[in-house]
Amino acid sequence: MDAHAAAHPAHLDTTTGLDSRKLAFWTFIGSECLLFGTLIATYMAYRGDSLTGPYPHETVLADGTLVEGLLDIPLTSASTAVLLFSSLFMVLGLAAVQRGDRRGSIGWIGMTALMGSIFLGFQAYEFTHFWHEGLTLSSNLFGSTFYTLTGFHGAHVLVGVIYLLTLMILAIKGKLGPEKSLNVELAGLYWHFVDVVWVVIFPLVYLIS
Amino acid sequence: MATTAAEIPVAAPPKEETGVWSWITTVDHKRIGIMYGVVAFIYFLVGGVEALLVRLQLAVPNNDLLIGDLYNQMFTMHAVTMVFLALMPLTVAFFNFIVPLQIGARDVAFPRLNALSLWLIVFAGIFINASWFLGLVPGMGSQAPNAGWFAYANLTTLPYSPGLNMDFYVLGLQIAGLSSIIGAINFIVTIINMRAPGMRLMRMPVFTWMTLVTSVLLATAMAVLTIALTQLMFDRLFGSTFYDVSKGGDPMLWMHLFWLFGHPEVYILILPIFGMVSEVIPTFSRKPLFGYNVIVFSGILIGWLGWGVWSHHMFATGLGPIADSFFAVSTMMIAIPTGIKIFNWLATMWGGSIRFTTAMLFAISFIAMFTIGGISGVMHAAAPADLQQTDTYFVVAHLHYVFFGGTVLGLWSGIYYWYPKITGRLMNEHLGKWHFWLTLVGMNLTFFPMHFLGLHGMPRRIYTYAEGLGFENMNFAATIGAFMIGIATLIFAWNLFRSWTKGKLAGPNPWGAATLEWAMSSPPPVYNFAEVPIVRSRLPLWEADATLAEGIPHGKADEDTDTVTLAGIEIGEQHYPDDENKMSTHDLGIHLPPPSYWPIILGFSIALFFGGFIVHWGVSIVAALMVAGSMFMFAFEPGHSH
Amino acid sequence: MTSAAHEIEHDQHTHPGTKTYWIIGGILLVITGLEIGAYYVEEQLGGLTVPVILALSAAKFVLVVMFYMHLKYDSKIFSGVFLFPLTLAALVITGLILLYHVLHPLR
Amino acid sequence: EHVHGNTKLELAWTLIPAILVTIIAVPTVRTIFATQPDTPPNALIVEAIGWQWWWEFRYPVNEGRDTVVTANEIHVAVGQPVEVRLIGGDVVHNFWIPQMGGKRYAIPGRVNRIVFTPSEPGVYLGQCAEFCGASHALMKMRLIAHTPGEFQEWIANEAGPAIDPATAAVPADSAVLLGKQLTVTTCGGCHIISGTTMVGRTGPNLSHFARRQTLAAGILENNAENLYAWIDDPQAIKPDALMLDLGLPPEQIRYIVAYLQTLY
Ligand code: HEA
Ligand code: HEA
Ligand code: CUA
Ligand SMILES: [Cu+2]
């Protein structure tokens with residue numbers, strides 16, 4: 001053992017002392033940056049280029065009439081706050097797991113998943129509402145870029161919720177002790193990243209008109 | 001994960017399994033590397049046969065071998081096969097086999113994900129090529145992708161490409177892209193995290209360095225392609241309007257996104273080669289690489305600059321003078337770091353005692369041919385001149401000088417160089433020389449005249465040309481040249497095949513090379529290093545002994561006994577002078593991850609998911625469930641770290 | 001698994017505690033409120049609206065990444081593998097905005 | 001001995017390419033700006049629309065009229081600058097007449113421009129250079145540079161209505177009259193011949209078709225034999241061509257050919 005410690009000053013098993021899975025997650029998140037970056041770039045390039053409505057924001061048509069925008073800022077503000085809270089609960093969940101606090105782990109991770117689900121609920125509501133207002137994937141550029149961008153994000157949230165529920169089940173079974181806290185940390189990284197993507201989408205799509 | 005488990009007392013290293021099933025379930029980076037190589041080489045032959053058919057059609061004017069759409073399928077599949085199914089996987093084969101050995105690791109960081117990458121690319125290849133075989137279905141023609149390798153929208157949207165052709169392209173590349181991203185993440189982590197003690201970043205072999213840079217490009221650029229493909233796929237399948245002009249969609253967005261991926265992609269195909277020749281040239285010049293630091297940094301710089309030049313493929317699209325100027329100048333700037341590399345390789349050879357092995361010949365010819373391709377690239381970068389050159393055979397000449405004269409020649413060099421490490425046997429040098437000279441002459445005969453064809457006004461991607469325009473002779477010469485490459489490739493294939501069992505035994509370090517992979521037996525044992533080496537210099541096999549011998553020592557192969565010595569010491573049993581700092585074998589049980597069949601099942605499910613969009617959406621739903629299920633099994637499989 | 005144990009030890013003396021998390025959460029909420037506020041007083045802010053909203057969301061981004069994702073306390077290598085692609089993504093977005101909305105000679 | 005590098009050398013071969021690149025870059029940027037000028041004041045403006053797999057040309061856009069519509073042959077006068085406005089009718093095409101300078105894409109939803117000034121009268125070959133589908137190889141065109149006088153004559157004739165065999169100075173034979181009838185009824189959905197009831201814009205305008213040197217986007221000489229073959233089976237000549245194979249009986253095709261050949 002002593003020889004090991006000498007040869008690997010930081011950790012036993014990797015050159016840098018960093019956990020390989022954590023490094024992989026960060027690298028993956030880096031790759032996701034370009035995935036969402038390209039979606040956002042497309043949204044921004046096509047911004048305001050829809051030939052027909054429905055439009056995201058209040059728009060004055062060529063003939064001078066004013067049409068309402070589709071986006072519902074108060075509603076989305078609420079769902080944005082929900083997602084922010086989920087990030088807070090996520091770190092609290094991680095702290096609970098690290099403490100070995102089983103009830104805390106179950107509770108906070110569960111709450112995070114719940115917040116994610118509520119966000120998805122908001123999004124499902126928003127999508128159906130827009131759909132009824134006549135915005136489909138094929139109605140105009142706004143429809144295509146909006147549904148693709150927020151849909152990709154929503155799909156990530158969905159995966160995250162499933163991921164968190166899996167961890168919650170492990171916690172309930174008592175299989176998520178402090179020695180497994182890395183698993184929660186990784187889920188957290190993913191979750192926060194998805195949150196942070198929303199932090200970018202929200203102003204670009206909803207607030208800036 | 002792989003190099004620990006000191007608690008488990010394992011006496012004997014695990015025996016190597018044999019049989020087909022052991023290959024299908026293997027997670028050993030060396031076997032995965034070999035499979036990558038074999039599959040990719042087969043696809044090289046397929047892409048080559050497609051090229052030969054293209055050349056046959058163009059051999060004489062007004063030919064009628066492949067007319068219209070069939071020709072278009074042929075050249076598109078030639079390019080798609082060569083780029084995505086042959087050359088990229090071939091470089092990945094080397095990442096797999098060589099990089100863990102070079103950094104003294106027992107395997108890659110995530111062996112099962114590595115296997116997943118392999119199976120994904122295998123299925124992607126099968127999927128894309130299945131489009132040919134729809135021609136066998138009565139009443140249906142072959143449905144291979146037919147809009148060129150960059151598949152410009154809106155030609156590729158449903159109204160203008162109603163067949164399945166572009167669905168195969170879009171979905172197939174999605175699978176291939178996934179394979180690349182997963183593989184890239186794996187290699188980034190491996191290189192950062194799995195290096196042997198003492199293998200500092202600036203001691204890493206250049207090939208490992210370039211693998212790292214390439215992987216970063218892959219992990220980022222492929223994500224851009226993924227989204228572009230998704231948009232096109234949504235347009236085709238779900239009626240979105242990204243490229244629907246009647247709804248305001250802009251075909252130029254596709255061009256931007258494709259080339260945002262496409263230009264980093266061409267560097268993805270050349271940077272690993274820069275790494276390979278940086279190993280080959282010093283070895284056969286018996287001199288350390290000249291300007292190691294500069295070579296590494298210029299490689300990083302090329303990767304970075306490569307992101308800021310994409311619109312040089314779009315000079316004729318009317319971006320306006322400001323954008324044109326920006327992209328022209330940024331493109332030209334890449335000539336500087338690339339030139340630096342070229343000069344450093346030349347300086348490495350300067351004054352060295354050069355051995356003209358086949359590997360070295362290919363490496364030297366790589367420098368020459370790539371420089372020609374690079375110079376024609378700079379000619380393209382001069383935007384006003386490019387307005388004449390673009391979309392003509394001049395571009396075809398440029399791209400083959402860099403792809404064939406660059407990537408392929410470099411890969412062949414790498415194969416001759418590392419083949420003995422991989423198989424334990426040397427390739428036949430006599431056949432190798434034939435292969436080399438035929439390839440070199442053949443490629444110049446094929447591709448050099450294309451410069452002039454382009455300047456004389458022959459557009460690319462035309463299935464026929466009229467008589468009397470002055471294109472006849474050069475096209476005929478190109479076709480002859482292509483068949484010379486064909487013959488050379490057959491010789492090569494035979495050499496590869498025969499040397500596997502009949503080649504001369506190589507021993508650990510037949511070339512007297514300096515890097516770690518040569519410190520072990522050939523082929524290496526499953527567990528690679530019996531004990532994790534401690535690295536003290538950039539050229540461990542040369543400089544460990546530098547104190548013992550004058551100047552730079554180099555390995556000598558003893559023809560009779562098949563042993564190799566370096567400055568009087570057998571390299572296989574190479575020991576470092578200060579043994580006490582080293583972990584001893586007794587402490588170290590070797591724990592290798594068990595084989596797993598989840599990679600191939602997961603890979604198949606993913607491919608099936610995408611394939612379902614062509615067959616029936618129900619298939620995709622079932623496949624999605626399979627993906628989810630096998631991901632859980634994958635994640636919770638015993639014997640692997642979670 | 002020793003490494004996991006080590007990880008915890010490591011975590012405890014470098015990562016912020018739950019109190020910090022709550023405080024950051026509060027700040028995030030306030031900034032979000034400001035963002036939305038900026039949207040409603042767009043008329044008054046005029047040309048400043050966009051920069052203000054972007055600056056506020058950038059602040060949120062940084063807070064989440066630094067504290068909730070621990071980048072501030074973690075190895076520089078993680079920052080590297082994240083920030084490089086992030087920069088690229090930002091450049092890609094900026095590039096396309098420039099090409100489409102500033103240089104756009106034809107549209 | 002141990003040579004790992006040499007700072008002076010490294011510096012030298014960084015600087016040399018850097019200088020070379022500068023030497024190339026400066027004139028490149030200059031030329032980029034010089035070759036994308038504003039519309040010259042006296043320019044002839046021609047609209048070029050790329051279709052799978054032929055070119056439509058419309059003149060003169062700058063006089064507020066859109067009277068002359070022709071295909072596959074762009075007529076210009078020497079000495080007068082020409083600005084071609086490029087539009088993609090269906091997919092992306094690329095306008096290229098090598099001797100008139102570089103290429104420009106014709107992109108759907110956008111208008112591109114290219115400016116050149118022909119100096120010598122003559123016929124210049126050109127083609128579509130961007131891959132645009134099955135018959136991209138057969139999407140050619142030619143530029144015909146006239147002396148100014150000749151050009152005026154040409155455009156005046158183009159602007160007039162198509163010759164009507166019924167009222168022509170030289171009385172036409174019955175084949176031509178029959179041919180006109182057939183053409184108007186069977187081809188009118190896709191082609192236009194001015195002065196008739198034909199309305200189609202899917203195919204090239206045929207009002208003065210007989211004056212064209214070539215047929216089907218520059219791939220065949222415009223003569224009776226080729227015209228017959230084209231109408232008989234367009235796809236045999238041009239794979240996947242978008243003109244319908246109407247399956248007309250041979251004598252009808254011959255009548256049509258006879259009529260089309262009168263359209264000066
Ligand atoms: C391995 C792949 C690879 C590589 C490495 C390169 C390298 C370069 N390429 Fe190439 N390129 C392709 C693959 C590649 N390319 C492909 C496939 C296409 C066509 C795609 C398609 O349309 O299908 C293409 C097309 C292409 C175009 C678009 C042409 C067109 O369609 O109109 C341009 C334009 O600028 C270009 C430029 C360059 C430049 C400047 C480099 C530089 O990186 C080259 C730098 C190297 C050197 C310059 C040589 C060594 C340097 C010296 C010895 C120093 C001294 C020299 C000088 C100062 C000049 N390339
Ligand atoms: C990526 C690498 C790559 C490689 C290695 C090659 C290799 C070759 N290419 Fe390719 N090519 C491209 C990438 C590549 N190409 C790309 C990207 C395009 C652009 C496509 C587009 O426009 O979209 C292109 C386009 C292209 C064209 C232009 C088509 C057109 O515009 O209409 C031509 C024409 O001659 C051509 C020819 C060749 C030839 C002769 C080879 C030769 O070097 C091939 C040599 C190999 C062989 C000859 C195989 C030998 C094997 C046998 C003979 C074995 C047979 C045996 C068995 C069945 C077991 N290529
Ligand atoms: Cu039109 Cu090619
Ligand atoms: Cu490029």
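Computed from heavy atoms alone, side chains included, the values below leave out hydrogens, waters and symmetry copies.
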### Message
To check you understand the geometry: which heavy-atom pair defines the closest contact between Phe78(C) and Leu23(A), and what is its length?
### Response
CE2-CA, 3.5 Å

### Query
Got a second to check how far Met69(C)'s CE is from Tyr190(A)'s OH, nearest 0.5 Å?
11.5 Å

### Query
If you measure from CG on Leu94(A) to OH on Tyr21(C), what distance do you get to the nearest 0.5 Å?
6.0 Å

### Message
Is Trp108(A) close to chain C through its backbone or its side chain, or both, or neither, when contacts mean heavy atoms under 4.5 Å?
### Response
side chain

### Summary
Assert top hit (heavy-atom pairs under 4.5 Å, partner chain C, pool Leu204(A), Leu189(A), Ile73(A), Val197(A)) equals Ile73(A)

### Message
Using heavy-atom distances under 4.5 Å, tell me whether Tyr40(C) contacts chain A through its side chain, its backbone, both, or neither.
### Response
side chain

#### Entry: From CA spacing to verdict: side-chain contact (heavy atoms from CB on, under 4.5 Å), Tyr100(C), Arg47(A)
CA-CA 9 Å; Tyr100(C) 272 79; Arg47(A) 217 171 182 252; over 6 Å; no

### Task
Give, as side chain, backbone, both or neither, the part of Ser87(A) having an atom under 4.5 angstrom from any heavy atom of chain C.
both

### Message
Report which part of Phe193(A) has an atom under 4.5 Å of a heavy atom belonging to chain C: side chain, backbone, both, or neither.
### Response
both

### Task
Could you give me the CA-CA distance, side-chain angles and deciding distance for Trp26(A) and Leu71(C), then say whether side-chain contact (heavy atoms from CB on, under 4.5 Å) is met?
CA-CA 10 Å; Trp26(A) 273 109; Leu71(C) 211 49; 3.6 Å; yes

### Query
Could you give the distance from CD1 (Ile31(C)) to CG (Leu84(A)), rounded to the nearest 0.5 Å?
9.5 Å

### Message
Within this structure, what is the OG-CD1 distance for the pair Ser57(C) and Ile208(A), rounded to the nearest 0.5 Å?
### Response
7.5 Å

### Query
Is Phe85(A) atom CZ crowded by more than 12 heavy atoms from other residues, nucleotides or ligands, each under 6.0 Å away?
no

### Query
What closest approach, in Å, do Phe82(C) and Cys33(A) show between heavy atoms, and which atom pair accounts for it?
CE1-SG, 3.6 Å

### Message
Checking the side chain of His192(A) only, and the main-chain atoms of Val65(C) only, is there a donor and an acceptor separated by less than 3.5 Å?
### Response
no

#### Entry: Residue Ile97(C) versus chain A: region with a heavy atom under 4.5 Å
side chain

### Message
Quick check on the interface: out of Thr76(A), Leu92(A), Ile29(A), who has the most heavy-atom pairs with chain C under 4.5 Å?
### Response
Leu92(A)

### Task
Search all heavy atoms of Tyr39(C) against all heavy atoms of Tyr206(A) and return the closest pair with its distance.
CE1-O, 4.0 Å

### Task
First locate atom CD1 of Ile23(C), then atom CG of Leu88(A), and finally report the distance between them rounded to the nearest 0.5 Å.
11.0 Å

### Query
Going through the checks in order, is the side-chain contact (heavy atoms from CB on, under 4.5 Å) test met by Val81(C) and Phe25(A)?
CA-CA 10 Å; Val81(C) 295; Phe25(A) 258 72; over 6 Å; no

### Exam field: side chain His101(C) to backbone Met44(A), donor-acceptor pair closer than 3.5 Å
yes

### Query
With respect to chain C, which residue among Gly30(A), Ala41(A), Ala95(A) yields the maximal number of heavy-atom pairs within a distance under 4.5 Å?
Ala41(A)

### Task
Could you tell me whether Glu133(A) atom CD has more than 12 heavy atoms of other residues or ligands within 6.0 Å of it?
yes

### Message
Please report the interatomic distance NZ(Lys22(A)) to CD1(Ile77(C)), rounded to the nearest 0.5 Å.
### Response
11.5 Å

### Leu207(A): which of Ile53(C), Val52(C), Leu54(C) passes side-chain contact (heavy atoms from CB on, under 4.5 Å)
Ile53(C)

### Task
Over all heavy atoms of both residues, which pair between Ile93(C) and Gly37(A) is shortest? Give the atoms and the distance, please.
CG1-O, 3.4 Å

### Query
Where is the tightest heavy-atom contact between Val199(A) and Lys60(C), given as atom of each residue plus distance?
CG1-CB, 3.8 Å

### Summary
Given Leu98(C), Ile24(C), Leu96(C), the one with more heavy-atom pairs under 4.5 angstrom with chain A than any other is Leu96(C)

### Task
Give, as side chain, backbone, both or neither, the part of Thr49(C) having an atom under 4.5 angstrom from any heavy atom of chain A.
neither

